[in-house]
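These figures come from a predicted structure and were not determined experimentally. First listed ligand is number 1; within each ligand, the first listed atom is number 1. Side chains are part of it too, since the values below use all heavy atoms of this structure and drop only hydrogens, waters and symmetry mates.
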Amino acid sequence: MAVIYKRVALIGLGLIASSMALAMRAGGLAGEITGHAKSAETRDVALEIGLCDRVFATAAEAVEGADLVVLAVPVGAMGALAREIGPHLAPGATVTDVGSVKQAVIDAVAPHLPPGVAFVPGHPLAGTEYSGPRSGFATLFRNRWCLLTPTESSPPDAVARLRALWEAMGSNVDEMDAAHHDLVLAVVSHTPHLIAYTMVGVADHLAQVSNSEVIKYSASGFRDFTRIAASDPTMWRDVFLTNRDATLDVLGRFTEELFALQRAIRLGDGDHLHAYFTRTRAIRRGIIEAGQDTAAPDFGRGADAKGPAAARAG
Ligand code: NAP
């Protein structure tokens, strides 16, 4: 494949950025990859395992001369980094991000970007519960959606070029506005994470089923909750702080449905429960038919939980 960007600067070198670096290298999509992360340790690892050609102690240095800058840090860190890199961006460069929330990122980043620099926010719906520069793999984005949420001032040619990059890394790309993105993600990712965190927290509080029994018998649903609840605390703290309204809206609906099911159980209303579970089963079938998961009993997880089978939306 042909080079799409001559120099890509990755700001943040964790799961998403390292997967992008490996996917870009595998496809020959970037001429050069520069990088910056907060800690010297992460920067050293990124050089050692070949994610970046050069790493820099500051984000400002890393973006010099880049035609694509990717903000791949927790959502709450993006505004300060945008302020730092703004004066150092090359005219004609595109800035994008991979944050799990979009409106808050646009509000925090856009004011710091100079005229002549394109901003095209994005979010790959792919991830695992692992973090850091060693957690990435080149196929993370394959057959996963990447949502771009261009603003009114995103130039169409910059959007098209970024779309081409994500497609070349294996993603399917859709465009939508940021507010819609944040509501959709509150339903499909953010609220489910909160429920998983809660369920694991509840089990932890129930002393009589905790520790050995939770681990010993967690072959079914609970094991998947624990996997989700092992996700990076900083990332998820920022997701809930910045997608507050949509998450609270969906949580409100969730609570109503939960009360309805609770009531059905108390009243012995089997018809209600059966009808509800029939409807939810159809949703699961739809996800499998859309190729977004496998019907295998172990969810295709296999031995290597780091691999593509573990991939999920973040
Ligand atoms: P990660 O593996 O935890 O890595 C985060 C990276 O950001 C690390 O390299 C960290 O550096 C760096 N960083 C944090 N604060 C920084 C700062 N102030 N200045 C410079 N570097 C900083 O995170 P990730 O999973 O790749 O997530 C990155 C972004 O992608 C987040 O916005 C997240 O919402 C989004 N996202 C995540 C997933 C997922 O499932 N994980 C999926 C889709 C989108 P150090 O290592 O030196 O601390």
Side-chain angles (χ1 to χ4, degrees), residues 9-23 33-49 51-52 55-63 69-85 95-106 108-109 121-137 140-141 144-149 166 169 171 178 181-182 184-186 188-190 192-193 196 227-243 247 305-306 308 310-314:
L10 299 173
I11 307 302
L13 294 166
L15 169 71
I16 301 298
S18 59
S19 297
M20 289 182 74
L22 295 172
I33 301 176
T34 62
H36 163 74
K38 202 168 40 175
S39 68
E41 189 190 346
T42 296
R43 298 195 296 268
D44 290 347
V45 171
L47 263 190
E48 179 199 322
I49 63 176
L51 300 177
C52 300
V55 293
F56 295 89
T58 67
E61 293 168 279
V63 304
V69 175
V70 183
L71 299 176
V73 297
V75 168
M78 290 193 187
L81 279 165
R83 190 185 322 118
E84 181 191 337
I85 64 174
V95 173
T96 187
D97 76 292
V98 295
S100 305
V101 177
K102 297 276 50 93
Q103 190 59 55
V105 168
I106 292 171
V109 170
H123 178 202
L125 304 192
T128 73
E129 66 274 32
Y130 298 100
S131 309
R134 294 186 192 276
S135 60
F137 49 101
L140 176 65
F141 308 114
R144 300 279 147 189
W145 285 100
C146 178
L147 302 179
L148 300 181
T149 61
W166 280 108
M169 291 192 291
S171 287
H181 166 280
D182 289 353
V184 170
L185 265 291
V188 302
S189 171
H190 304 166
H193 268 79
R227 188 164 69 79
I228 295 171
S231 300
D232 186 68
T234 306
M235 168 186 158
W236 285 96
R237 175 201 64 194
D238 286 3
V239 164
F240 293 115
L241 292 180
T242 55
N243 198 19
T247 309
K306 179 186 164 185
R312 58 175 170 69

If hydrogens are left out, which of [options] has an atom nearest to [atom], that is, the closest non-hydrogen atom?
| atom | options | value |
| --- | --- | --- |
| atom 32 (O) of ligand 1 | V73, L125, V98 | V73 |
| atom 26 (O) of ligand 1 | I16, V105, L13 | I16 |
| atom 42 (C) of ligand 1 | C146, A126, A59, G127 | A126 |
| atom 14 (C) of ligand 1 | P133, P74, S131, A37 | P74 |

Has [X] got any heavy atom lying under 4.0 angstrom from an atom of ligand 1?
| X | answer |
| --- | --- |
| V239 | no |
| M78 | yes |
| H36 | yes |

Please say whether [X] places an N or O atom under 3.5 Å from an N or O atom belonging to ligand 1.
| X | answer |
| --- | --- |
| Y130 | no |
| S39 | yes |
| T42 | yes |
| L15 | yes |
| G99 | no |

Is a donor on one side and an acceptor on the other found under 3.5 Å between the side chain of [X] and the backbone of [Y]?
| X | Y | answer |
| --- | --- | --- |
| Q103 | D182 | no |
| T149 | A178 | no |
| N243 | V101 | no |

query: With a cut-off of 4.0 Å, which atoms of ligand 1 are near a heavy atom of A72?
result: 6 (C), 7 (O), 28 (C)

task: Pick one of side chain, backbone, both or neither for how K38 approaches ligand 1, counting any non-hydrogen atom pair under 4.0 Å.
output: both

- prompt: Heavy-atom contacts under 4.0 Å between E41 and ligand 1: side chain, backbone, both, or neither?
  reply: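 Neither; nothing of E41 gets under 4.0 Å from ligand 1.
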
Only distances under 3.5 Å count here; give the side-chain donor-acceptor pairs of residues 40-47 to other protein atoms, sequence neighbours excluded, each with its distance to 0.1 Å.
{"residue": "T42", "atom": "OG1", "partner": "S39", "partner atom": "OG", "Å": "3.0"}
{"residue": "R43", "atom": "NH1", "partner": "A37", "partner atom": "O", "Å": "2.8"}
{"residue": "R43", "atom": "NH1", "partner": "K38", "partner atom": "O", "Å": "3.1"}

Contact check, side chains of [X] and [Y], non-hydrogen atoms, under 4.5 Å:
| X | Y | answer |
| --- | --- | --- |
| S19 | F141 | yes |
| I16 | L140 | yes |
| M78 | I11 | no |

message: Please enumerate all residues that pass ring-ring contact (aromatic ring centres under 6.0 Å, His included) together with H181, with sequence neighbours excluded.
response: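 H123.
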
